[in-house]
Amino acid sequence: MKVKVTGVCQGHARCAAIAPHLFKLDEDGYIRPEDIDVPPGDEALAQRGARACPERALSAVDDGAPAEERRAPRI
Amino acid sequence: MDVQRQDVVIPDHVPPELVRDFSFWTAPGMAPQPGGCPQAALSYVHYEMPRIFYAPVNTYDGYGTWVITRADDQRRVLQDAETFSNNRFLFKEALGEDLPMVPLEIDPPEHGKYRALLNPLLSPKRVAAMAQGARERAVGLIEGLKGRGSCEALTEFAFPYAVGIFLRFLGLPDNRLMEFVGWANAQFHGTPEERLVAMRTVMDFMKELVARRRSEPVDDFVSFLLAAEVDGRPLNDREILGIATLLFEAGLDTVAAALAFGLYHLATHPDDQAKLRAEPELIKTALEEFLRAYATTQLIRRAAKDVEFEGVQIKAGDFISCASMIANRDPREFPDPDRVDIQRDNNRHVAFAYGPHRCVGSHLARMELAIGFEEFLARIPPFRIKEGTAPTTYGGHVFGIENLVLAWD
């Protein structure tokens with residue numbers, strides 16, 4: 001999984017409040033405009049962090065994993 | 001409501017079907033009242049008003065505004081500072097002083113240069129280093145009033161705590177705290193005359209402070225500004241005054257109000273209070289919900305050019321109100337918005353605005369609020385509104401609460 005910065009970071013730092021090790025901020029408290037590689041096991045945190053952005057500037061996207069495995073189980 | 005302009009003129013391009021009898025002073029629940037909730041009172045806007053409507057007299061200086069009700073629309077307005085400018089020339093209009101509040105009233109790209117100066121001073125990292133001092137201040141105040149079984153939460157806790165921290169940040173003396181709060185109050189809630197006097201007072205005070213720090217720099221905010229540069233040159237006096245005045249106006253008592261609304265909620269919702277006592281790790285989530293449900297500020301923008309927004313013709317010069325207390329109760333964005341859920345997930349409220357003018361003090365505010373609630377709950381037994389009293393809540397340009405008397409056994 002990757003988190004893509006698809007909008008403009010305005011430094012709310014809500015992503016970092018949820019997962020500081022994934023969403024690293026610069027000295028001013030803004031995120032760098034580059035993709036974030038999400039280590040296996042951190043997918044849920046990454047998604048929560050991306051969803052926390054008030055600007056809607058982050059999107060968590062699956063990459064690599066085959067489509068069957070990506071699909072969320074239907075309950 | 002006090003209106004400076006008696007002649008209410010609705011511009012020709014505003015279709016009559018979009019005009020509503022609405023203002024932040026006159027709508028239901030806006031007038032000062034005991035035990036009210038002005039934020040909840042505005043919820044009806046989502047069900048009874050058009051998505052975007054025109055309120056003919058809706059600013060404290062008597063202007064008409066468009067009112068943007070939906071959170072998503074507000075996000076797009078506030079993110080597009082090129083179209084929806086922030087330069088209202090507040091001080092110029094009121095006092096004839098050419099003093100843009102910097103960087104709030106400066107649009108991108110110029111805005112970025114000034115903002116870059118301020119960001120490191122209030123970054124999450126810098127704010128974390130201020131947490132210990134904040135906690136000591138909170139503990140000192142709470143321990144001082146704990147034994148009395150009762151306190152007025154604003155004057156005895158929220159103001160000396162939050163305004164005190166902010167004054168220390170600005171380098172201003174604590175002993176004039178309530179005088180400063182009075183100036184801020186008069187500017188946002190006073191009569192037109194009181195407002196002018198307050199603006200003039202703040203500006204004269206800042207001018208004198210800048211002059212004093214120029215001749216004798218100390219380790220404080222104004223001295224920092226005096227040493228700062230944009231475009232390879234020092235800031236000029238007008239810029240320094242603009243920045244200092246803005247921070248004073250924007251940051252002085254906003255955190256205290258947020259803290260008070262949160263305490264008001266906890267005093268009247270014993271289940272939530274018990275929950276946070278049992279699980280203090282929920283306080284950070286709860287405070288986001290308080291910021292959502294009890295937001296106190298509105299952002300006003302001015303159209304820099306003619307633009308069509310969601311089918312509405314907005315003309316250059318029109319004012320646009322993005323009220324956080326309205327967007328924060330948008331049912332499209334927040335399920336069951338009138339329910340205050342201290343464990344609400346995905347709480348992307350607009351209490352600190354969106355876009356390039358996002359509140360530069362948001363990290364400081366969140367830190368102060370977390371510590372304020374943590375220490376109050378840890379040290380004061382279960383508290384309630386003191387019998388025979390009721391806090392006064394009110395709407396207006398900035399929403400507020402007074403006379404919050406808490407009691408405990």
Side-chain angles (χ1 to χ4, degrees), chain A residues 1-63 65 70-75, chain B residues 71-72 74-82 108-109 111-129 283-285 287-288 291-292 295 324 327-328 333-334 344-367 370:
Chain A
M1 177 183 274
K2 274 189 184 353
V3 173
K4 288 186 173 296
V5 184
T6 48
V8 182
C9 173
Q10 301 292 1
H12 294 263
R14 304 319 294 150
C15 54
I18 284 172
H21 65 291
L22 291 178
F23 300 94
K24 299 208 172 74
L25 306 179
D26 66 17
E27 282 301 304
D28 287 358
Y30 289 68
I31 204 156
R32 293 178 186 87
E34 49 202 47
D35 291 359
I36 298 159
D37 288 313
V38 180
D42 275 348
E43 289 86 353
L45 261 183
Q47 271 168 340
R48 276 188 62 213
R51 269 205 310 266
C53 178
E55 305 288 342
R56 306 287 197 275
L58 300 173
S59 26
V61 288
D62 275 335
D63 59 350
R70 277 210 311 262
R71 203 182 305 133
R74 286 181 179 279
I75 304 171
Chain B
D72 192 52
Q74 286 199 9
R75 182 178 297 109
R76 285 182 298 135
V77 166
L78 296 170
Q79 285 178 340
D80 182 3
E82 215 170 281
H111 167 266
K113 297 178 199 165
Y114 299 100
R115 183 67 187 233
L117 280 181
L118 300 184
N119 276 330
L121 298 180
L122 290 159
S123 69
K125 200 183 272 183
R126 186 68 74 95
V127 162
I283 286 174
K284 286 199 170 81
T285 310
L287 80 85
E288 296 298 326
L291 287 168
R292 180 192 73 82
S324 58
N328 282 352
E333 182 100 1
F334 304 99
R344 186 180 289 271
D345 194 23
N346 239 356
N347 198 347
R348 292 174 288 191
H349 58 73
V350 64
F352 297 113
Y354 301 122
H357 293 288
R358 185 263 311 166
C359 171
V360 73
S362 65
H363 310 303
L364 177 62
R366 285 184 159 115
M367 178 275 279

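Chain letters run A, B, ... following the sequence lines, proteins first and then strands; every chain starts at 1.
- Interface summary for chain A: among B:His349, B:Lys284, B:His363, the most heavy-atom pairs under 4.5 angstrom belong to B:His363.
- Between A:Leu22 and A:Pro39 the shortest side-chain heavy-atom distance falls below 4.5 Å.
- With a 4.5 Å cut-off on non-hydrogen atoms, B:Ala71 does not touch chain A at all.
- Heavy atoms closer than 4.5 Å to chain A are found in the side chain of B:Arg115, but not in its backbone.
- When the candidates B:Gly355, B:Pro120, B:Ala353, B:Cys359 are compared by the number of heavy-atom contacts under 4.5 Å with chain A, B:Gly355 comes out ahead.
- A:Cys9 does not touch chain B: none of its heavy atoms, backbone or side chain, sits under 4.5 Å away.
- Salt bridge status for A:Glu55 with B:Arg358: absent, with no side-chain N to carboxylate O gap under 4.0 Å.
- Contacts between A:Arg51 and chain B at a heavy-atom distance below 4.5 Å involve backbone atoms as well as side-chain atoms.
- Figure legend: cation-pi geometry between B:Arg344 and B:Phe334 absent, as NZ or CZ is not positioned both under 6.0 Å from the six-membered ring centre and within 45° of its axis.
- Classification of B:Arg366 and B:Glu288 as a salt-bridged pair holds, one side-chain N sitting under 4.0 Å from a carboxylate O.
- Most heavy-atom pairs under 4.5 Å with chain A, from the set B:Pro356, B:Ala116, B:Pro124: that is B:Pro356.
- Tested against B:Glu333, the residues B:Gln74, B:Arg348, B:Arg75 include a single side chain to side chain donor-acceptor pair (under 3.5 Å) partner, B:Arg75.
- Crowding of A:Glu27 atom CD: a count of heavy atoms from other residues, nucleotides or ligands under 6.0 Å not exceeding 12.
- Here B:Asn346 is the residue among B:Leu121, B:Asn346, B:Asp345 with the most heavy-atom pairs under 4.5 Å with chain A.
- Neither the backbone nor the side chain of B:His357 comes within contact range of chain A; no heavy atom of the residue lies under 4.5 Å from a heavy atom of that chain.
- With hydrogens and angles disregarded, no donor-acceptor distance shorter than 3.5 Å links the side chain of A:His12 to the backbone of A:Arg14.
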